[in-house]
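What follows is a set of notes on a single structure, which appears directly below.
These numbers were taken from a predicted model, which means no experiment stands behind them. Numbered from 1 within each chain, the chains take letters A, B, ... in sequence-line order.
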Amino acid sequence: MTRQQIQEFEQLQQHLRQAVVTTDAWAGEIKTVAGVDVAYEKGSDTLIAAVAVLDAHTLALREVVSFRGEATFPYIPGLFSFRELPAVLQALEKLPQAPDLVVCDGQGLAHPRRFGLACHLGVATGIPTIGCAKTRLLGEYQPLAPSRGSYAELVDNGEVVGRALRTQTDKNPVFVSVGHNISLETATEWVLRLTPLYRLPETTRAADHAVNTLLRATSASKDEDDSAKASL
DNA sequence: GCGACAG
DNA sequence: ATCTTGTCGC
């Protein structure tokens, strides 16, 4: 990927970011919350994207859909969404009913151009999205209390781009930021609601589990193919 | 120039 | 993300 091409994608992000909405832009009640995750097969660029839909009230798993394909874009930190979004969209299309809210495994506005994966997915689908990353990409934050629920603003260039949120007492915080059609305050509430037992949201855990199960299943059948070919 | 850099 | 064993703890 040339520097020229990278700049073109960065400009595309600058353009698309203008469509991001940072208020609670939905009507009615959130009944389903989905988590999305992507995993890669070790050597190749073959990937599997999974969407796990949970009941927003009970957090019970309702449905899982997935898509297996090839990554067509390299991994570049600031252009992460261009790598994973296509596969995620293909998986989402398999759902008979779109979820009311999606929690992404990555950043939303807490991004160099304020357009992380969660924003990209939200703008592409219109679905409210939250970015909930395990690690920080940018920004600074003050020390936060050790108790679950405490948080500190994530500031980048004098701008609040998200929050470092403690979802479990004495465990490292997660980094929450607005994706699309939701406020930072509401996004924080949802992430807390989704983390009654673990550091990561149940949505992310369900999607991660699904993706790894599928990865094992496909690599196992691939081994069968290989041994079958070897025995010929 | 050097290091850092969501997954 | 992925490569990887044992180990400490509930």
Discussion item. How many whole angstroms separate atom CG of A:L200 from atom P of C:dA1?
Written reply: 10 Å

Worksheet entry | Enclosure of A:K31 NZ (heavy-atom neighbours >12, cutoff 6.0 Å) | no

Worksheet item: Is DNA chain C part of any stem, that is, at least 3 consecutive Watson-Crick or G-U pairs with both distances under 3.5 Å, and where?
Response: none

Practice prompt. Considering only NZ, NE, NH1 and NH2 on the basic side and carboxylate oxygens on the acidic side, decide whether A:E8 and A:R3 come within less than 4.0 Å.
Written response: no

Item to complete: May I ask you to check whether A:Y141 and A:F175 place their ring centres under 6.0 Å from each other?
Response: yes

Fill in: A:Q97, CD atom: more than 12 neighbouring heavy atoms under 6.0 Å
no

Practice prompt. Using a 4.0 Å heavy-atom cut-off, write out nucleotides 1-7 of chain B from 5' to 3' as B (base contacted by protein), S (sugar-phosphate only) or - (no contact).
Written response: ----SBB

Item to complete: Please state how far atom CZ in A:R216 lies from atom P in C:dT2, giving the value in whole angstrom units.
Response: 11 Å

Worksheet item: Between A:F80 and A:H111, is the ring centre distance below 6.0 Å?
Response: no

Discussion item. Can you tell me which residue among A:N181, A:L109, A:I182 is in a side-chain contact (heavy atoms from CB on, under 4.5 Å) with A:T22?
Written reply: A:L109

Worksheet item: Would you say the side-chain atoms of A:R113 and A:Q14 include a donor-acceptor pair closer than 3.5 Å?
Response: no

Worksheet entry | A:Y40, OH atom: more than 12 neighbouring heavy atoms under 6.0 Å | yes

